[in-house]
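Read through the structure below, which is laid out as structure tokens, and then see the notes.
Worth knowing before you read on, the calculation uses all heavy atoms, side chains too, and leaves out hydrogens, waters and symmetry mates.
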Amino acid sequence: MIPAAVLTLGALNLPVPVFTGAAPAGFGFGVVSQGALRAVVDSVPAREKSGTLASYYVLSYLAMSLPAIGAGALTAGFGPRAAALAHAGCVAVLATVAVSTLTAPPRSRRRTPSADDAHSRPATSN
């Protein structure tokens, strides 16, 4: 996604990078969408898949439409260069966060004792 954003920024001056940047952006979008959909669908029971998919698609369309509305507002207020720079910056930050989150080793989870644990432990005498 980051190379696609950089190529798209290059399109501010030349038309060719738009098409060169669109290919990796489309590929990245497809990979991310399919991975997210698979992760969501695989983690729910069969009886909940339809509701989960409906929610997934509503959130996906919001996630695609709100940035487009924001880019339109930025373009109208500050021009296309500012909108393109803001877009590329957001893509770079979000992609970096995603990569670092997905490649970081899992944190160890400390189990907090529950009320049931107190009853199952043997009593100690002082």
Side-chain angles (χ1 to χ4, degrees):
M1 294 304 292
I2 293 172
V6 170
L7 286 169
T8 304
L9 279 179
L12 293 172
N13 300 318
L14 301 168
V16 174
V18 168
F19 302 109
T20 310
F27 178 77
F29 180 79
V31 168
V32 168
S33 296
Q34 287 298 312
L37 182 60
R38 184 175 305 250
V40 168
V41 170
D42 288 348
S43 67
V44 297
R47 68 182 181 282
E48 296 176 9
K49 285 191 192 285
S50 60
T52 302
L53 279 174
S55 299
Y56 173 84
Y57 281 116
V58 167
L59 290 172
S60 292
Y61 285 117
L62 278 173
M64 289 182 275
S65 63
L66 294 178
I69 293 167
L74 273 174
T75 300
F78 300 100
R81 181 174 295 280
L85 289 170
H87 171 266
C90 287
V91 166
V93 168
L94 292 172
T96 302
V97 168
V99 167
S100 63
T101 301
L102 292 172
T103 58
R107 294 186 299 180
S108 63
R109 294 186 182 162
R110 290 179 41 183
R111 191 170 158 258
T112 56
S114 67
D116 292 335
D117 291 340
H119 296 293
S120 62
R121 277 189 244 137
T124 59
S125 59
N126 290 349

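Between Val41 and Leu53 the shortest side-chain heavy-atom distance falls below 4.5 Å.
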Residues 21-40 side chain polar contacts: donor-acceptor under 3.5 Å, at least two apart:
residue : atom : partner : partner atom : Å
Ser33   : OG   : Phe29   : O            : 2.9

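Closest non-hydrogen pair, Ala86 versus Leu74, comes out as CB-CD1, 3.7 Å. Contact record, Ala83 with Ala71: CB-O, 3.9 Å, taken as the closest heavy-atom pair.
Listed by chain and number, the residues in a side chain to side chain contact (heavy atoms under 4.5 Å, CB included) with Pro105 amount to none (sequence neighbours excluded).
Interatomic distance, CE of Met64 versus CG of Leu59, reported as 10.5 Å (0.5 Å rounding). Atoms CG and OG1, from Asp42 and Thr52 in turn, are 11.5 Å apart once rounded to the nearest 0.5 Å.
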